[in-house]
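The structure appears below as structure tokens.
As the structure lists them, so they are numbered: ligands from 1, and atoms in each ligand from 1. In what follows, every heavy atom counts, from backbone to side chain, and hydrogens, waters and symmetry copies are set aside. One is the number of the first residue; the rest follow in order along the sequence.
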Amino acid sequence: MLQDVAARRPPPGIPASAIDPFSLDFLRNPHPAHEALREAGPVVWLERYGAYAAARHAEVRQILNDPATFCSSRGVGLSDFQREKPWRPPSLVLERDPPEHDRARAVLNRALSATVMRSLRARFAEAAEELAETLARKGRFDAIAECAEVYPMMVMPDAVGLSKEGREHLLPYAATVFNMFGPDNELRRAAVAQMAPHVEWISAQCKREALADNGIGAMIHAGADAGEVTRQEAELLVRSLLSAGFDTTVHGLGAAMRSLAENPDQFAALRADPSKARAAFEEAVRLETPVQTFFRTTTRDVELGGATIGEGEKVLMLLGAANRDPRKWPDPDRYDIDRPTSGHVAFGGGVHMCVGQLLARLEGETLLAALARSFARIEPDGEAAPLLNNTLRGWTRLPVRVTAA
Ligand code: OVV
């Protein structure tokens, strides 16, 4: 260790907390601790990690909107890349700052544009319809293993242009990436112990030769053909897609199914008007926030929530806590598909805001609209089991019972 974390003290005026946002108890049910952190103050010192945390919407927004002060290039996990070697070559978008970030981002923007989404929509809608009808006939099923994981795997690998072989590596690789943003705890150590085969397969799939020539992967490599990025950079951008484009939507779709199953009035409202599918998905990602946290690192002394933070400090953004901040959201814990969700930070914000958000919403909209047409009712059918991951929130088991429409 480079310094004794426990011996570090916060500047006067910043409340200290013993809460560990990466402990299993916290991850099982983060809401009580989120409230405690929001109420402790606009910025809190996490004693266990010698880092700051922001749990209120206003401060999280300030951090997201000031990437020059709250940088990403020193890593968006707890590890500071200026002190520790990153576990993999840094992402060219997630772990970079403007202006270098922007050239790589432009290539991804084009590969994930509204135009590309229009070309995918019919196929996505057809797959959603097929799955929803199968599940309606089934009656009882696990909404994660049999729906939220199945649907992205029906549409995404083909849209990217991945080989049919080895697709089972995608979700474990992503879960690994998201565990690696956390501290050196048992989740991160378990991730390290099993990562090698997943990392190896993913690296191989990033090569142009491994990708179909008409998919999103090929569109990223077209950025190298055009000289916007190098071949090696294009491979790292495909890696970003394979890191962030699969598990995230599994848990977004899982959150939506859970919210709809637990709120029959909201499922009825969706059924009455399936054009609300997009809003129902957006409200679910606000409420459950599949990507719960990212860190930033300060590049200078900065005032945040009335206190001054020094240079080179890690600041944890609690996106899920900000998305339920009562200062911003009336009745924040309620799932309400008619609520205005604008301003939620489930996709982050500012220059780094989720580059795949149109794809995530396309999946959410097409699947929820299909479920609304195929099911008359959906309800919980046993106990759900929470996912334990240093960054992702979701469920590993979500039994439901449906009545066919
Ligand atoms: C948003 C996100 C999560 C994980 C990995 C990446 C991005 C990446 O760019 O590799």
Can you sort out which atoms of ligand 1 are near [X], meaning under 4.0 Å from one of its heavy atoms?
{"X": "Ser91", "result": "8 (C), 9 (O), 10 (O)"}
{"X": "Phe178", "result": "3 (C), 4 (C)"}
{"X": "Ser240", "result": "8 (C), 9 (O), 10 (O)"}
{"X": "Ala244", "result": "1 (C), 2 (C), 3 (C), 7 (C)"}
{"X": "Arg88", "result": "5 (C), 8 (C), 10 (O)"}
{"X": "Ser243", "result": "5 (C), 10 (O)"}

Handout entry: No-hydrogen, no-angle side-chain donor-acceptor test under 3.5 Å, Arg296 and Ser73
Key = no
For Tyr49 and Phe22, take the angle between the two ring planes, folded into 0 to 90°, and tell me which bin it lands in: parallel under 30, tilted 30 to 60, perpendicular over 60. perpendicular
| query | Is the closest heavy atom of Met353 to ligand 1 under 4.0 Å? | reply | no
From the list Lys314, Glu313, Arg74, side-chain hydrogen bond (donor to acceptor under 3.5 Å, both in side chains) with Thr297 holds only for Lys314
Result for side-chain hydrogen bond (donor to acceptor under 3.5 Å, both in side chains) between His344 and one of Arg286, His57, Glu282 points to Glu282
Should the pair Glu35-Arg324 be classified as a salt bridge under the 4.0 Å nitrogen-to-oxygen rule?
no
So, Asp25 and Arg28, do they make that salt bridge, N to O below 4.0 Å? yes
The option among Val291, Leu94, Asp247 carrying the non-hydrogen atom nearest to atom 1 (C) of ligand 1 is Leu94
